[in-house]
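Report on one structure; see the data block that follows.
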Amino acid sequence: MKFSNQLTVWYLHNKRDLPWRATKNPYYIWLSEIILQQTRVDQGMAYYFKFVEQFPSIFDLAAASEETVLKLWQGLGYYSRARNLHFSAKYVVNELQGEFPSKYKELLNLKGVGDYTASAIASICFNEPTAVVDGNVYRVLSRYFGIDTPINSSNGIKEFKQLAQALINTKIPGTHNQAVMEFGATVCKPQNADCNNCPLNNSCVALSKSIIKTLPVKEKKLKIRKRYFNYLVIKTKNKTTQLVKREKGIWLNMYQFPLVETDKPINQQELIEHSTFNELVDFNTVTIKLHTKSVKPHKLSHQHIYTKFWIIETPNSLKFRHSWSDIKKYPVPVLIDNFLNEFNYN
DNA sequence: GATTCGTGGAT
DNA sequence: TATCCAAGAAT
């Protein structure tokens, strides 16, 4: 209880003034928690405001199209969050009469809500004593108690959840949970932990052993896949182009130009021999220009995508019906959006 | 249980 | 430049 009390006192004096801390409305807490999954407060803040403004209630969110939701989510990444958010909004409205689930176990039934998010909503909104375990909690607990169990091992996940649950203040679980996370985010940081100003620096195991920098322990390194994209940017006299919806993998249900993907970089000759190219246009009647001067990888967490944008002018206007002036209405990945911002169609 | 889902800031 | 990794979840 000492651990919780000290952090809670610290929290009440040092917490940041964040918009979602002014409410206990489960819809808003849910929204903020989804936005903040694997995302820094600084990055997610603008999106929280956008969503609250455009969808003031869960009914508004449920009534929107997935495309609208994805468009608003554009740029934030991990787009399954947006698709699941929208799906779950419809579920709550249509199956639960708009009444948001109020128990940890029920919250887990929502797509996109796992152990962390269910615990956060249940504790903050409904005072249920379920401990959150996010990246901050792993770090704080591993250091304070000197635990070197890998946080991404199945044993580590169990061990830290159990410990966090044992530490929770059942009177004020929501405040307790947020206190540990806020402390991890602003004091017990990944790098340059501010141990001099730490309210727990007289009882921290890792500090006493000078092993702060070795904790938490994480096993395995992720492998980066290299991919080579060639986007076919159709240009016509009627200022139209062609967009296609992605149907699997990354950026699911978002839009892009017709894609030729290869396992290594290709030149124009290799491009026009590709079936995707020939199904789209007749190479005898088009002019092709390589827009991309130097190919820099678009770096994702698990892949580096090397992309060439090919500008293809065709006399055939009828086949391509996406007006260029409407192109900003479609949800697109940052890779495409960056191109749209630098490319002059005229 | 390992992999795959984005993007951008910090170092 | 390379690496880490952020209020994780689904497959």
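Proteins get letters first, then strands, A, B, ... in listed order; numbering begins at 1 in each. Computation of the quantities below employed the complete heavy-atom set of this structure, encompassing side-chain atoms and omitting hydrogens, waters and symmetry-equivalent molecules.
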Of all the heavy-atom pairs spanning [X] and [Y], show the shortest one and how long it is.
X	Y	answer
A:N177	A:V132	OD1-N, 3.2 Å
A:T241	A:I327	CG2-CD1, 3.8 Å
A:P258	A:Q242	CD-O, 3.3 Å
A:L300	A:I305	CD1-CD1, 3.8 Å

Sugar-phosphate, base or nothing in reach of [X], heavy atoms under 4.0 Å:
X	value
A:G249	sugar-phosphate
A:I250	sugar-phosphate
A:K299	base
A:L76	base
A:T117	sugar-phosphate
A:V113	sugar-phosphate
A:D115	sugar-phosphate
A:S80	nothing

> Quick one: do A:K293 and A:E342 make a salt bridge, cutoff under 4.0 Å?
Replying inline: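 Looking at A:K293 and A:E342, the cut-off is not met.
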
Atom [atom1], compared across [N] and [M]: separation rounded to whole Å:
N	M	atom1	value
B:dT11	C:dA7	P	14 Å
C:dA2	B:dC5	C1'	22 Å
C:dC4	B:dT3	P	16 Å

>> A cation-pi test, strictly: NZ or CZ of A:K235 under 6.0 Å from the centre of the six-membered ring of A:Y345 and no more than 45 degrees from its axis. Yes or no?
In response: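 Yes, A:K235 sits over the ring of A:Y345.
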
>> Can you work out whether A:Q43 or A:L110 has the more 5'-proximal nearest nucleotide on DNA chain C?
In response: A:Q43

Side-chain donor-acceptor contact under 3.5 Å, [X] with [Y]:
X	Y	result
A:T240	A:T236	yes
A:Q269	A:E273	yes
A:Q165	A:T130	no
A:N341	A:K328	yes
A:Q54	A:D60	no

Could you list by number each residue of [range] showing a heavy-atom separation from DNA chain C of less than 4.0 Å, or answer none if no residue does?
range	answer
residues 10-23 of chain A	A:R16, A:L18, A:W20, A:R21
residues 169-195 of chain A	A:M181, A:E182, A:A185, A:P190
residues 123-147 of chain A	A:D134, A:G135, A:N136, A:R139

>> If you assign A:D42 and A:L252 each to the DNA chain B nucleotide with the nearest heavy atom, which residue ends up on the more 5' nucleotide?
In response: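 Upstream on the strand: A:L252.
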
> On DNA chain B, nearest-nucleotide positions of A:E219 versus A:R225: which is more 5'?
Replying inline: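 Looking at the nearest nucleotide for each, A:E219 comes out on the 5' side.
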
> Checking side chain to side chain donor-acceptor pair (under 3.5 Å) for the pair A:E67/A:Y330: CA distance, chi angles, key distance, verdict?
Replying inline: CA-CA 7 Å; A:E67 197 162 306; A:Y330 296 89; 6.0 Å; no

> Under a criterion of less than 4.0 angstrom to any heavy atom of chain A, what are the 5'-terminal and 3'-terminal contacting nucleotides of DNA chain B?
Replying inline: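 Answer, 5' to 3': B:dG1 to B:dT11.
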
> Taking the inter-plane angle between the rings of A:F3 and A:F145 on a 0 to 90° scale, is it parallel (under 30°), tilted (30 to 60°) or perpendicular (over 60°)?
Replying inline: tilted

> Taking the inter-plane angle between the rings of A:W73 and A:Y47 on a 0 to 90° scale, is it parallel (under 30°), tilted (30 to 60°) or perpendicular (over 60°)?
Replying inline: tilted

>> Evaluate A:F229 against A:H298 for ring pair (Phe, Tyr, Trp, His ring centres under 6.0 Å), listing each step before the verdict.
In response: CA-CA 10 Å; A:F229 282 10; A:H298 185 69; 9.4 Å; no

>> Using a 4.0 Å cut-off to any heavy atom of chain A, which nucleotides of DNA chain C are the first and last in contact, reading 5' to 3'?
In response: C:dC5 to C:dA10

>> List the residues meeting side-chain contact (heavy atoms from CB on, under 4.5 Å) with A:I157, not counting sequence neighbours, and say none if there are none.
In response: A:Y138

> Hey, do the aromatic rings of A:W20 and A:Y48 have their centres closer than 6.0 Å?
Replying inline: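 Distance test on ring centres: under 6.0 Å, yes.
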
